[in-house]
**Q** 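Mind looking over this structure? Questions follow.
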Amino acid sequence: MRATFHVPIAFAAVPQQPTSTSDKPAPAGAPQQPTASAGAPSAPAGQPQQQPCGTEMWIMMPAMLLIMYFMVIRPDQKRRKDQQNLLAAVKVGDRVVTVGGLHGVIAKLADKTVTLKIDGVQATFDRVAIARVERDDASAQTKA
């Protein structure tokens with residue numbers, strides 16, 4: 001008659017420790033030498049090998065968040081603040097460039113819109129469509 005054994009799934013996936021390469025058991029009085037796997041570092045004799053713990057993760061998480069703040073969030077906030085200051089400072093007569101690349105002179109300002117004069121034609125845009133203001137500082141420096 002044949003005997004069947006049922007192994008619970010929780011115990012079936014447990015890796016087994018490597019054994020010696022010898023098929024014979026070690027003599028009763030001989031000390032056994034632990035075998036180490038090829039990739040695992042061996043601990044010095046007399047010291048137990050430390051198991052990895054989660055403290056490294058708890059140290060690295062805030063560090064990664066700080067790096068993300070200083071590399072992504074803070075520069076984006078600064079860029080938005082500069083754009084808001086630029087839009088608040090525009091006035092009639094300024095030469096501007098829209099986000100679409102259209103160059104024109106501001107003819108009229110409203111709360112949310114701006115009317116640009118482009119080659120004799122007036123067009124109305126949202127104020128947020130202004131990408132940059134062209135200042136005449138560069139032309140004044142070249143004349144001097």
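Note that the coordinates shown come from a computational prediction; the quantities given were computed from them, not determined experimentally.
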**Q** How many angstroms lie between CE in M60 and CG in L65, if you round to the nearest 0.5 Å?
**A** 11.0 Å
**Q** Evaluate side-chain contact (heavy atoms from CB on, under 4.5 Å) for T124 paired with L116, printing each intermediate quantity in order.
**A** CA-CA 6 Å; T124 303; L116 297 181; over 6 Å; no
**Q** Output the distance between atom CD1 (I106) and atom NZ (K91), rounded to the nearest 0.5 Å.
**A** 8.5 Å
**Q** Yes or no on side-chain contact (heavy atoms from CB on, under 4.5 Å) for R135 and D94, after CA distance, side-chain angles and deciding distance?
**A** CA-CA 8 Å; R135 302 286 181 201; D94 282 346; 3.7 Å; yes
**Q** Heavy-atom distance under 4.5 Å between the side chains of Y69 and Q77, does that happen here?
**A** yes
**Q** Around atom CZ of R127, are there more than 12 heavy atoms of other residues, nucleotides or ligands at under 6.0 Å?
**A** yes
**Q** Membership question, hydrophobic clusters at under 4.5 Å side-chain separation (ILVMFWY): are L109 and V99 in the same one?
**A** no
**Q** Under the side-chain hydrogen bond (donor to acceptor under 3.5 Å, both in side chains) test, which residues partner D119, sequence neighbours left out?
**A** none
**Q** Is there a donor-acceptor contact under 3.5 Å from the side chain of Q83 to the main chain of V128?
**A** no
**Q** If two hydrophobic side chains count as joined below 4.5 Å and joins carry through other members, does V114 share a cluster with V133?
**A** yes
**Q** Once you round to the nearest 0.5 Å, how far does NZ of K117 lie from CD of Q122?
**A** 6.5 Å
**Q** Which value, rounded to the nearest 0.5 Å, describes the distance between F125 atom CZ and T98 atom OG1?
**A** 5.5 Å
**Q** Would you give the length of the straight line joining atom NZ of K81 to atom CG of D76, rounded to the nearest 0.5 angstrom?
**A** 14.0 Å
**Q** Strictly distance-based, threshold 3.5 Å: is any side-chain N or O of R132 a donor or acceptor partner for the main-chain N or O of V96?
**A** no
**Q** Mind checking the CE-CE spacing from M57 to M61? Nearest 0.5 Å is all I need.
**A** 6.5 Å
**Q** Apply the test side-chain contact (heavy atoms from CB on, under 4.5 Å) to residues H103 and E134: give CA-CA distance (whole Å), side-chain angles for both, the deciding distance (0.1 Å), then the verdict.
**A** CA-CA 9 Å; H103 295 251; E134 293 180 341; 3.2 Å; yes
**Q** Quick check: does any side chain N or O of R95 sit under 3.5 Å from a backbone N or O of G104, one acting as donor and the other as acceptor?
**A** no
**Q** Side-chain heavy atoms under 4.5 angstrom apart, residues restricted to Ile, Leu, Val, Met, Phe, Trp, Tyr: same cluster for L102 and I130?
**A** yes
**Q** Can you get from L86 to V97 by hopping between Ile, Leu, Val, Met, Phe, Trp and Tyr side chains that sit under 4.5 Å apart?
**A** no
